[in-house]
Amino acid sequence: MSTPDKSSTEQMEKIVSLCKRRGFIYPSSEIYDGCGGVWDYGPLGAELKRNLRTAWWTAMTRLRDDIVGLDASILMNPAIWKASGHVDTFADLMRECQLTNKRVRADHVEPQSGTVLAYTGAQNANGWKTNRAFSALLKNGEHIESFRKRLRQLLAQNAGDAAGKPEEIELLGEEKTGEVTDSIDFHPETGGALGAARPFNLMLRTYLGPTATEDDVAYLRPETAQAIFAQFKNVLDSSRVKVPFGICQIGKAFRNEVTPKNFTFRSREFEQMELEFFIKPDEAIEIIHGSVAAWSEDADLSEPQPNWGWDLWHRYWVQERTRFYESIGLGSDVIEYYWQTQEDLAHYARACVDILFKFPFGTDELEGIAARGDFDLSQHQKHSRKILEFFDEELKNAAKNLSDESKEAMVQKRLAAEQAKGETGLSEAEVRAWFERLFAGHYLPHVIEPSAGLDRMALAILCAAFDQFEKADAKGKSETFTVLRFHPRVAPIKVGVFPLLKNKPDLVAKAREVYALLKPHLSCFYDETAAIGRRYARQDEVGTPYAVTIDFETLGEQGDDLKDTVTLRHRDSGQQERVKISDLLPRLLLAVS
RNA sequence: GCGGGUGUAGCUCAGUGGUAGAGCACUUCCUUGCCAAGGAAGAUGUCGCGCGUUCGAAUCGCGUCACCCGCUCCA
């Protein structure tokens with residue numbers, strides 16, 4: 001992620017301000033001084049979000065026949081979060097560096113040796129001063145001056161502009177307080193002394209039932225995906241789906257973020273749109289089709305093929321999601337990709353691609369598309385002690401025709417791969433047991449997980465659409481105009497309907513007629529106040545792509561040719577055309593669908 | 001949580017101890033002939049909140065809350 005500069009911060013402030021002023025996004029609980037890290041969507045924001053939600057749901061379910069939907073509860077049995085690993089990884093003990101407030105996991109501190117130096121504070125000649133005492137570790141072999149220089153740099157970095165340049169900072173009351181050997185009380189990078197270990201729980205806790213004891217603890221889900229895994233068996237048994245297929249879900253998730261920031265980008269309550277797409281393990285593909293299709297630069301990813309393994313399915317979903325972003329106006333000019341390296345990847349993930357958007361505050365993640373193997377289902381199978389396997393008849397029949405030698409070759413190949421993993425690899429007994437189930441047609445599907453943030457998507461749409469330009473007004477004075485250039489599909493209001501003048505009852509009556517015609521089918525806005533130019537400008541500012549104006553020609557003043565025609569004005573070009581009222585609805589519906 | 005910054009009308013901001021202001025927006029009326037038009041009138045504030053200093057606080061002090069920028073993240 002790139003660092004934001006001043007102008008991009010200003011750009012962001014303008015967007016935040018517009019969002020509040022025009023009813024897209026408000027700070028939550030503002031009349032009570034707000035509530036950190038949560039936001040409310042106003043009338044236009046609610047429409048925008050709903051349009052995005054509908055676009056995603058349509059693309060995932062209605063336009064495909066291999067994905068079904070789910071709408072699971074936010075509260076679930078806490079055992080789910082033990083199985084998924086969230087209880088452990090979201091509740092680490094953290095320690096904080098006194099010097100920089102950088103945090104480290106308490107169990108990740110390397111032992112260090114050296115001399116401990118304590119300070120009473122720091123100051124500079126410009127009047128900046130801190131009385132916070134701190135101490136730091138002078139590592140064995142480190143020169144005292146380079147050590148002090150480092151402290152000054154860290155202090156300056158942490159104190160911001162007020163502390164001025166690092167070299168102007170004076171360290172106060174230096175005192176040698178002792179020698180330590182193999183101490184885990186100093187930050188590995190900064191050398192600053194670490195404070196006491198504190199629990200750091202990212203999951204929001206609550207209690208189920210009225211007694212509110214420790215036995216009643218439950219969590220607000222930190223992601224929606226786990227509900228899909230937990231309901232995998234029910235969906236399988238009730239909807240006649242066959243691998244490969246997907247289950248998708250839209251819903252709220254909650255994380256106790258330490259530092260919510262960048263407007264709605266990192267919030268404590270947010271909405272996710274997640275798909276778990278279940279596929280056959282590569283070994284099953286190999287048994288059925290002889291081999292797994294290999295990816296190459298010119299591979300055709302447009303139509304899924306039966307011999308695709310996880311790699312092609314993963315790449316397919318990256319492409320599908322890219323096409324989705326294009327369809328809502330986020331094209332290659334604002335989208336970037338980050339393919340995670342082996343070091344980035346969680347131990348259970350095989351590959352993960354982040355789809356990033358160029359926000360004013362930096363290029364940051366909209367969606368992650370992970371190939372997660374069978375980790376989640378196997379965890380839930382283990383913890384719930386319920387069989388979550390899929391029975392694949394085609395696989396069973398294909399395996400029957402396999403010779404014992406080819407079966408053993410597959411086992412040996414897998415054994416070698418597991419051995420290469422070292423300690424995390426499966427034992428020979430485990431591998432043989434797994435293949436025994438596989439040859440009988442049973443397996444836990446592997447999964448490709450495209451997981452998108454709805455609030456982030458809405459924010460990206462707003463940032464991409466935001467445009468300001470200067471234009472001279474009637475008096476020649478330069479004024480700033482704001483336009484949200486939304487794709488018509490996502491725009492909260494599709495069309496504005498205006499009588500040219502409001503003091504002519506015939507114009508007003510006709511305009512209301514047109515409004516009534518469009519209103520049941522499209523999100524419309526009727527406006528008869530102020531001058532026509534101002535009304536156009538108001539709608540530009542909230543991104544309304546079309547405006548319809550009823551004038552004297554509509555009433556037949558210029559003859560029958562123009563009677564019952566209106567002006568259709570296009571937001572981005574400002575161009576106008578005459579359209580028959582009877583053609584209006586089909587024209588507009590086509591343009592916004 | 002720590003450091004820095006900010007908090008005055010719906011918005012953008014001015015106001016350094018002495019009667020709370022401007023521009024835009026808004027409401028009503030008149031006018032209106034396609035891109036923030038003109039005229040008239042009008043409404044709008046616990047100066048983020050609390051406590052203190054003072055004859056007197058938007059202004060000074062302390063506390064507190066929220067937001068922004070950095071530090072931990074990955075929807």
Side-chain angles (χ1 to χ4, degrees), chain A residues 1 3-4 6 9 12-14 16-18 20-22 27-37 92 94 96-105 128 130 132 154-163 190 195 198 200 202 222-225 252-253 255 257-267 270-274 338 340 344 346 352 354-356 361 364-368 370 450-457 471 473-475 477 479-482 498 500-504 507 529-541 547 549 551-553 557 567 569 574 576:
Chain A
M1 174 171 158
T3 352
K6 199 173 164 224
T9 301
M12 210 51 220
E13 280 169 1
K14 282 181 190 168
V16 173
S17 166
L18 176 71
K20 188 182 167 194
R21 191 159 46 83
R22 298 310 305 266
S28 164
S29 325
E30 200 186 12
I31 62 168
Y32 290 102
D33 292 327
C35 181
D92 302 324
M94 304 288 285
E96 207 165 83
C97 164
Q98 289 179 351
L99 199 55
T100 59
N101 300 306
K102 279 194 179 186
R103 292 199 184 81
V104 286
R105 276 179 59 169
W128 174 82
T130 176
R132 255 176 96 207
L154 291 167
L155 281 167
Q157 204 180 0
N158 200 41
D161 296 339
T190 67
R198 282 187 301 209
F200 205 70
L202 255 58
E223 62 171 38
T224 60
K252 293 267 193 175
R255 286 181 200 177
E257 295 293 343
V258 193
T259 312
K261 63 170 181 178
N262 289 333
F263 198 24
T264 57
F265 185 80
R266 178 166 295 136
S267 303
F270 55 99
E271 200 162 343
Q272 289 185 307
M273 303 190 291
E274 295 195 292
Y338 178 71
Q340 291 194 6
D344 296 333
C352 187
D354 294 338
I355 297 185
L356 316 166
F361 48 79
D364 220 329
E365 189 184 350
L366 278 185
E367 172 161 352
S451 169
L454 175 54
D455 305 270
R456 288 184 175 185
M457 201 181 284
K471 203 166 86 175
D473 67 6
K475 289 178 234 157
K477 199 178 79 181
E479 271 193 280
T480 304
F481 287 72
T482 304
F498 317 135
L500 184 59
L501 301 170
K502 83 164 173 187
N503 64 340
K504 302 283 189 264
L507 282 181
T529 65
I532 189 72
R534 178 176 299 267
R535 281 177 269 167
Y536 287 146
R538 278 178 190 155
Q539 291 307 308
D540 286 349
E541 207 184 27
T549 300
D551 57 20
F552 295 95
E553 284 79 46
E557 203 170 77
T567 309
R569 182 236 187 210
Q576 305 187 346

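Residue numbers start from 1 in every chain, and the chains themselves are labelled A, B, ... in the order their sequence lines are given, proteins ahead of strands. Since this is a predicted model, take the numbers as computed values, not measurements.
Interatomic distance, OG1 of A:Thr567 versus CD of A:Gln576, reported as 5.5 Å (0.5 Å rounding). Rounded to the nearest 0.5 Å, atoms CZ (A:Phe270) and CD (A:Glu223) are 8.5 Å apart.
Regarding contacts with the backbone of B:C68, every side-chain N or O of A:Asn262 stays at 4.0 angstrom or more from both OP1 and OP2. A close approach under 4.0 Å does not occur between any side-chain nitrogen or oxygen of A:Arg266 and OP1 or OP2 of B:C71. Phosphate contact (OP1/OP2 of B:U12, side-chain N/O of A:Ser17, threshold under 4.0 Å): present. Taking 4.0 angstrom as the limit, A:Arg255 places a side-chain polar atom (N or O) nearer than this to OP1 or OP2 of B:A75.
In this structure, the side chains of A:Leu18 and A:Glu541 come closer than 4.5 Å at one or more pairs of heavy atoms.
Aromatic ring centres of A:Phe498 and A:Tyr536 lie closer together than 6.0 Å.
Atom pair A:Arg21:CZ and B:C11:C1' shows a separation of 6 Å (rounding to whole Å applied). Rounded to an integer number of Å, the gap from CZ of A:Phe265 to C1' of B:A75 is 8 Å.
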Pairs under 3.5 Å (N/O, protein and nucleotides 44-48 of chain B):
none

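Between A:Lys20 and A:Phe270, the residue anchored closer to the 5' end of RNA chain B is A:Lys20, taking for each the nucleotide with the nearest heavy atom.
Across the P atoms, B:G52 and B:U12 are found 33 Å apart, a figure rounded to whole Å. On the P atoms, B:G15 is 38 Å away from B:C29, given to the nearest whole Å. The gap from the C1' atom of B:C34 to that of B:C67 amounts to 42 Å, rounded to the nearest Å.
Of the candidate nucleotides B:A75, B:C68, B:C26, B:C68 has the atom lying nearest to any side-chain atom of A:Glu13.
Remark: the A:Arg538 side chain and the A:Thr529 side chain contain an N/O donor-acceptor pair separated by less than 3.5 Å.
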Sugar-phosphate or base contact per nucleotide [nucleotides 30-35 of chain B; S, B, -; heavy atom under 4.0 Å] = --BBBB

